[in-house]
Amino acid sequence: MGSVLDQTGARLAGRASASTLAGRRGKLETGGVAPTYEGDFVLEGHLPLECGRTLLQPVLHYAVYGRLNAARDNAVLVCHALSGSALAGSWWPGLFGKAGNREQRTGTREQGSGTREQGPGNREQRTENGGMGGARSGRDDNSKGASDDKLDGAQDESSDDSALNSGDLAQVGKTGSAGIVDLETECVICVNLLGSCYGSTGPGSVNPEKDSAEKESAGGLGAVYGPEFPLISIRDNVRAQAELLQSLGIARLKLAIGGSIGGMQALEWAILFPERVARAVVIGVAPLNAMGLALNHLQRRAITGDPEWLGGWYLPQQQPRHGMALARQIATLSYKSPALFAERFGRNPNRNGEDPWGLDRDGGGLNPAGGRFDVAGFLDYQGERFPERFDANAYLAIMRTMDTWDPLRGWRSTAEAYGRIQARVIFVGISSDGLFPADEVRQLADEVRAAGADAEYREMTTAHGHDAFLAEQGELIPLLR
């Protein structure tokens, strides 16, 4: 089984200090619905991994919104995307109904302190601020590439500022009142992925199996997993999450929902634990195709090719920022659509006044610093922000998790894998998604339905690209009802 630890007793999952972790989360979270509880779950013994290795007593960081009822049958599992956190109320507030909006207005949570009270499953938890910072109002003049009102808001693919969301998050207060989860009657749980830097065990966590000599190696960083962190699969995460939910007395989920990597988890839940999931919603995802694998390969090359990566043994305050920035710029191209970029940027010069046709300060014409186009300023901003809130090794770890997901791996046929599903499954494709094309999501839904499962395909029509499930929540929510 495992044990639940409150924030005071929890072992910090990550070599970064508690203040560093809070700082990262402060840059990630910009408001939304406050969690009722936030805590850590420590699995007992070794967690077997599909790669053949194990994790000793791994930690799962999770957040809870609302309360479990006496029957423990009102639980909704929200699964986050690539670089998200357990604080689903911050990056996906549109899911929450009126009770969620009321909790946002009335919840009292003080920075750096908390009150101890009974948590879900009658386990003592602690409510805390969790790094919920104020929204950043804009960018400095040197990096502007999109108007400020289109940069702050929902998290892109659980990434930096919801760039280009066209102010959709500003409507969440309205759409959220008609969300798909009502915290007066339902309880939402979100678990941080293994491999992350937001509380669950990841590359920055102390490896409890290392001896004292090993812990003194690598310039004093030998105590952590670092680049020795194992490959974690989607199934590994789902099996660990299942132990957490079992410890909370939850035998069956009312709903498992997620977009992108979150959708991978939701579908795996329906396959691995068919009797424990009533409904599943899988948004904007299918096994990653060759183009997606290629883009992730380039992101890895950007990070590991940065001299500051140091083979993965860098200090947390000395990240490979250049490589991280370039990787995030590549990723952003896959999260948006050509139509969106054409509409928002076109061939306009960077809006801080730079001249793309000008020369640099030395009179040269090769250096892009001489003057950028608007889209270049936007991408540079995305790259600059990302290392402030995420860890390079964690990013590498979760990209491998994303790359290696194949729901049919290990099964003899689609019928054997998908025929296990008992849940009603809704697949949502995004019309302009270049990372997980809508046709591939539709094909996945057809395969699941052909295996005898109750599966339905719906499509979100938008020019926003893959990020639409987060950036245009007002358009997504009606499709989910």
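Only this structure's heavy atoms are used, side chains among them; waters, hydrogens and symmetry mates stay out. Computed from a predicted structure; not experimentally measured.
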**Beyond-backbone contact of Ser85 with His80, side-chain heavy atoms, under 4.5 angstrom** = no
Going by heavy atoms in the side chains, are Tyr225 and Lys210 under 4.5 Å from each other?
no
- Taking it one step at a time, do Val224 and Asn207 satisfy side chain to side chain contact (heavy atoms under 4.5 Å, CB included)? CA-CA 5 Å; Val224 303; Asn207 183 349; over 6 Å; no
Those residues at least two apart in sequence (or on a different chain) that pass salt bridge (Lys or Arg N to Asp or Glu O under 4.0 Å) with Asp439 are none
task: Output, in order, the C-alpha distance, side-chain angles, deciding distance and verdict of side chain to side chain contact (heavy atoms under 4.5 Å, CB included) for Thr462 and Ile430.
output: CA-CA 7 Å; Thr462 172; Ile430 299 170; 3.6 Å; yes
| said: With a 6.0 Å cut-off on the ring centroids, do Phe96 and Tyr65 count as close? | reply: yes
query: When the ring planes of His466 and Tyr335 are compared, do they come out parallel, tilted or perpendicular, using 30° and 60° as the limits?
result: tilted
Between the CZ atom in Arg458 and the CG atom in Leu480, the distance rounded to the nearest 0.5 Å is 7.5 Å
If you define the side chain from C-beta out and look only at heavy atoms, does anything of Cys190 sit under 4.5 Å from Leu87? no
(Q) Would the distance check show the side chain of Gln329 and the main-chain N or O of Gln382 forming a donor-acceptor pair, the cut-off being under 3.5 Å? (A) no
Rounded to the nearest 0.5 angstrom, the CD1-OG1 distance for Ile234 and Thr404 is 7.5 Å
Value for CD1 (Ile232) from SG (Cys51), rounded to nearest 0.5 Å, stands at 6.5 Å
message: Is it the case that the side chains of Tyr395 and Arg400 hold a donor-acceptor pair, with the cut-off being a distance below 3.5 Å and no angle test?
response: no
Across all chains, not counting sequence neighbours, the side-chain hydrogen bond (donor to acceptor under 3.5 Å, both in side chains) partners of Glu50 are Ser233, Arg235
Contact check, side chains of Met402 and Leu288, non-hydrogen atoms, under 4.5 Å: yes
Partner of Asp374 under salt bridge (Lys or Arg N to Asp or Glu O under 4.0 Å), picked from Arg351, Arg347, Arg344, is Arg351
Rounding to 0.5 Å, atoms OG1 (Thr201) and CG (Leu193) come to a distance of 12.5 Å
Sorted by chain and number, sequence neighbours left out, side-chain hydrogen bond (donor to acceptor under 3.5 Å, both in side chains) with Ser431 holds for none
Q. Cut-off 3.5 Å, side chains only: do Gln265 and Asn237 have a donor facing an acceptor?
A. no
- Query: Is a salt bridge present between Glu228 and Arg53, judged by a nitrogen-to-oxygen distance below 4.0 Å?
  - Reply: no
Q | Side-chain touch Ile271/Pro407, heavy atoms, less than 4.5 angstrom | A | yes
Practice problem: Keeping the roles fixed (side chain from Ser334, backbone from Leu435), state whether a donor-acceptor pair exists under 3.5 Å. | Solution: no
*Using atom types as modelled and distance alone, determine if a side-chain donor or acceptor of Ser196 lies under 3.5 Å from a backbone N or O of Asn192.*
no
Contacts of Thr304 meeting side chain to side chain contact (heavy atoms under 4.5 Å, CB included) (sequence neighbours excluded), chain-then-number -> Trp309, Leu396
* Asked: Does His464 use its side chain to pair, donor to acceptor, with the backbone of Leu340 at less than 3.5 Å?
  -> no
Between Tyr198 and Ser83, the two heavy atoms sitting closest are CE1-O, 3.6 Å
Contacts of Leu408 meeting side chain to side chain contact (heavy atoms under 4.5 Å, CB included) (sequence neighbours excluded), chain-then-number -> Asp406, Thr414, Ala417, Tyr418
(message) When you measure from the side chain of Glu447 to the backbone of Leu444, do you find a donor-acceptor pair of N or O atoms at a distance under 3.5 Å?
(response) no
Hits for side chain to side chain contact (heavy atoms under 4.5 Å, CB included) against Ala397, two or more places apart or cross-chain, chain-then-number order -> Pro203, Phe229
- How about Glu209 and His46: do any of their side-chain heavy atoms sit closer than 4.5 Å? yes
Of all heavy-atom pairs linking Gly365 and Leu359, the shortest is CA-CD2, 4.0 Å
- Task: Verify the distance criterion only: is there a donor paired with an acceptor across the side chains of Gln241 and Tyr62 at less than 3.5 Å?
- Result: no
### Query
Is there side-chain contact between Trp91 and Leu470, with at least one heavy-atom pair below 4.5 Å?
yes
Is it true that a side-chain atom of Asn352 and a backbone atom of Glu354 form a donor plus acceptor pair closer than 3.5 Å? yes
To the nearest 0.5 Å, atom CG of Asp467 lies from atom CG of Asp433 at 9.0 Å
Residue set satisfying ring-ring contact (aromatic ring centres under 6.0 Å, His included) with Phe427, at least two apart, ordered chain then number -> none
State whether the side chain of Thr54 and the backbone N or O of Leu47 hold a donor-acceptor pair below 3.5 Å, judged by distance alone. no
Take Val282 and Val441 through the side chain to side chain contact (heavy atoms under 4.5 Å, CB included) test and state the conclusion after the steps. CA-CA 9 Å; Val282 179; Val441 180; 6.0 Å; no
- prompt: Any donor and acceptor pair, going by atom type alone, linking the side chain of Trp405 with main-chain N or O of Thr401 inside 3.5 Å?
  reply: no
Taking side chain as C-beta onward, heavy atoms only, is Ile283 less than 4.5 Å from Ile426? no
Taken in chain and number order and not counting sequence neighbours, the residues that satisfy side-chain hydrogen bond (donor to acceptor under 3.5 Å, both in side chains) with Asp403 are Asn296, Arg300
Residues at least two apart in sequence or cross-chain that pass ring-ring contact (aromatic ring centres under 6.0 Å, His included) with Phe273, listed by chain then number, are Trp269
Taking every heavy atom of Ala376 against every heavy atom of Arg372, the minimum-distance pair comes out as CB-CB, 3.8 Å
| said: Is the ring pair Phe373/Trp357 parallel, tilted or perpendicular, if the boundaries are 30 and 60 degrees? | reply: perpendicular
When rounded to the nearest 0.5 Å, the distance separating CG of Leu379 from CG of Leu333 is 5.5 Å
Sorted by chain and residue number, the side-chain hydrogen bond (donor to acceptor under 3.5 Å, both in side chains) partners of Trp92 (sequence neighbours excluded) come out as none
Passes side chain to side chain contact (heavy atoms under 4.5 Å, CB included), Ile189 versus Val78? Steps please. CA-CA 6 Å; Ile189 300 170; Val78 173; over 6 Å; no
Notebook entry, point to check: Hey, is Glu459 close enough to Arg442 for a salt bridge, meaning N to O under 4.0 Å?
Noted result: yes
Residues passing the side chain to side chain contact (heavy atoms under 4.5 Å, CB included) test with Ala294, sequence neighbours excluded, are none
Contacts satisfying salt bridge (Lys or Arg N to Asp or Glu O under 4.0 Å) that involve residues 304-314 (not counting sequence neighbours) are none
Q | Criterion side chain to side chain donor-acceptor pair (under 3.5 Å) on Tyr314 and Asp391, from CA distance to verdict | A | CA-CA 10 Å; Tyr314 56 87; Asp391 175 70; 2.8 Å; yes
